[in-house]
2 protein chains.
Amino acid sequence: MQIAVLGTGMVGQAHAAKLSELGHEVFIGTRDVQKSLAKAGGQITEPFGEWAKQHPKVKVVEFQEAIKHGDLIVEALSGNAVVETLKSCEKRLAGKTLIDISNPLDFSNGDFKLTVCNDDSLGEQVQRALPSVKVVKAFNTVNAAVQVNPESVASGDHHLFIAGDHKESKYFVNEIAMEWYGWKNVIDLGGIKSARGMEMILPLWVNLFTVMGTPKFNFKVTQWDSVVLD
Amino acid sequence: MQIAVLGTGMVGQAHAAKLSELGHEVFIGTRDVQKSLAKAGGQITEPFGEWAKQHPKVKVVEFQEAIKHGDLIVEALSGNAVVETLKSCEKRLAGKTLIDISNPLDFSNGDFKLTVCNDDSLGEQVQRALPSVKVVKAFNTVNAAVQVNPESVASGDHHLFIAGDHKESKYFVNEIAMEWYGWKNVIDLGGIKSARGMEMILPLWVNLFTVMGTPKFNFKVTQWDSVVLD
């Protein structure tokens, strides 16, 4: 399958590498290819140019080009860039399933906050801004490495949450999570409005990350043992 | 020990019954004793008068009287009543440990929301309003029955979160949770500011309650196996 991964950060890298390894043709999309390839690494990520060299099968292209090829869109952009970036590619996104992994994080004032929550969510904003796109919120509640390798935590005995208004797209994402990535437990929380709860868990997640000193954990909902798709 | 439980709802009843059963002298506090005893039951709770008859050892008294006797305060009030009620009893609360179980829930517009979140929390509001009180946020992330009987879910293999600025009070609440109620895993998230994450998990909790059809569940943080007190 041809897949577009939007975003060259930790999350985009993890999905692009995994999907390519699984035999898919992956197009990783960015605003400016040369700038991205020249960019320095982050605190815990290597420079993207290095990563790209190590993953020669993954094509590094501009957003529009990646989306043109992608039969599935994996969107792993910074929270503050999501709506504007996707809106600029609206025509080519029309009718496609888009997995929204982004979180509305704001670390600007030295203080961790969400840019939207409670009576709205980034997932809903994306779906509202692009009504022709089938948005499925997923993977945003776990660390990038755990997203594509759930068995690395507690042998996979924990939960992935998904939400969205498009049933077939949710079945598809459920399939990707379980069959491609190895998730054992997926809980469908309902419509895209359920992205609120999925994004509002972030402050607790960040708090646990700080206390535990590792991002390699996840939540398991105890006394829940089946996959439910509404 | 003499303990004040504030609030006659489901959560207050659960703690009062459990603490009384454990041999403590429990004073359950309410605004108006006669009104509370005459009150009709809720959707899933029996009338408080019936509950009081079945728990003759628990003394039903007004807030001030309960707090006067309580060496420990278990506060299980409705979110919108918490600060005002506690503020009116400030003198008698001074210096005491208060377990804040309340959640800033707002179901008013047919739509579930929090009345405070993201850059503040009910736990912080309580601590700010009553600086002489040792506030520990705890138990608010689980159903009342599970709060005092954690083994009823997955044999107790799940987590309780606590937060607060007063170390000794947190040790005390940790002791109550583990030794009195039977919790096996308590995670200290840090200062009272961590109440934000604990309260912001509520939308996901309510969503899961709806999807699962039962409140008898809890979160387990996988790959976490020790009690940490900062």
Side-chain angles (χ1 to χ4, degrees), chain A residues 104 106 109 111-121 141-142 146 150 152-159 161 163 187-191 193-226 228-230, chain B residues 104 106 109 111-121 141-142 146 150 152-159 161 163 187-191 193-226 228-230:
Chain A
D106 176 10
N109 294 311
D111 211 22
F112 170 77
K113 271 199 302 186
L114 299 182
T115 55
V116 57
C117 67
N118 207 20
D119 54 3
D120 200 4
S121 63
T141 58
V142 270
V146 180
S152 64
V153 166
S155 307
D157 188 22
H158 48 85
H159 286 86
F161 303 115
I187 299 181
D188 179 358
L189 293 170
K193 194 175 162 181
S194 293
R196 292 180 196 180
M198 291 167 67
E199 294 172 7
M200 286 172 78
I201 206 177
L202 262 287
L204 178 62
W205 191 95
V206 170
N207 201 147
L208 285 167
F209 175 32
T210 309
V211 172
M212 294 165 71
T214 172
K216 290 247 183 164
F217 64 88
N218 191 19
F219 299 100
K220 174 187 176 178
V221 181
T222 54
Q223 280 216 338
W224 178 262
D225 57 9
S226 61
V228 171
L229 289 164
D230 71 347
Chain B
D106 176 9
N109 293 310
D111 211 21
F112 170 77
K113 272 198 301 187
L114 300 181
T115 56
V116 57
C117 68
N118 206 18
D119 55 2
D120 199 5
S121 63
T141 57
V142 269
V146 180
S152 64
V153 166
S155 307
D157 187 23
H158 48 87
H159 286 88
F161 304 115
I187 299 181
D188 180 356
L189 293 171
K193 193 175 162 182
S194 294
R196 293 181 196 180
M198 291 168 68
E199 295 172 7
M200 286 172 79
I201 205 177
L202 262 287
L204 178 62
W205 191 96
V206 170
N207 202 147
L208 284 168
F209 176 32
T210 308
V211 172
M212 294 166 71
T214 172
K216 291 248 183 162
F217 65 88
N218 191 19
F219 299 100
K220 174 185 176 180
V221 182
T222 53
Q223 279 217 337
W224 177 264
D225 57 9
S226 62
V228 171
L229 289 163
D230 71 348

Seminar exercise, completed: In terms of heavy-atom contacts, A:C117 and B:C117 come closest through SG-SG, 3.8 Å
Exercise. Less than 4.5 Å apart, any side-chain heavy atom of A:F161 and any of B:L208?
Worked result: yes
Exercise. At a heavy-atom separation under 4.5 Å, does A:D157 approach chain B through its side chain, its backbone, both, or neither?
Worked result: backbone
Problem set entry | Distance, nearest 0.5 Å, that separates CE of B:M200 from CE of A:M200 | 4.0 Å
Exercise. Taking it one step at a time, do A:L204 and B:L189 satisfy side-chain contact (heavy atoms from CB on, under 4.5 Å)?
Worked result: CA-CA 9 Å; A:L204 178 62; B:L189 293 171; 3.5 Å; yes
Exercise. When heavy-atom pairs shorter than 4.5 Å are enumerated against chain A, which of B:M198, B:K216, B:K193, B:K113 gives the highest number?
Worked result: B:K113
Exercise. Does some side-chain heavy atom of A:V221 sit less than 4.5 Å from a side-chain heavy atom of B:N218?
Worked result: no
Exercise. For the side chain of A:N118 and the backbone of B:L114, is there at least one donor-acceptor N/O pair under 3.5 Å apart?
Worked result: yes
Exercise. In Å, rounded to the nearest 0.5 Å, how long is the span from CZ of B:F219 to NE2 of A:H158?
Worked result: 15.0 Å
For this session: Could you grab the distance from atom CD of B:Q223 to atom OG of A:S152, nearest 0.5 Å is fine?
Result: 7.0 Å
Exercise. Is there a donor-acceptor contact under 3.5 Å linking the side chains of B:N207 and A:S194?
Worked result: yes
Exercise. Any donor and acceptor pair, going by atom type alone, linking the side chain of B:T222 with main-chain N or O of A:A154 inside 3.5 Å?
Worked result: no
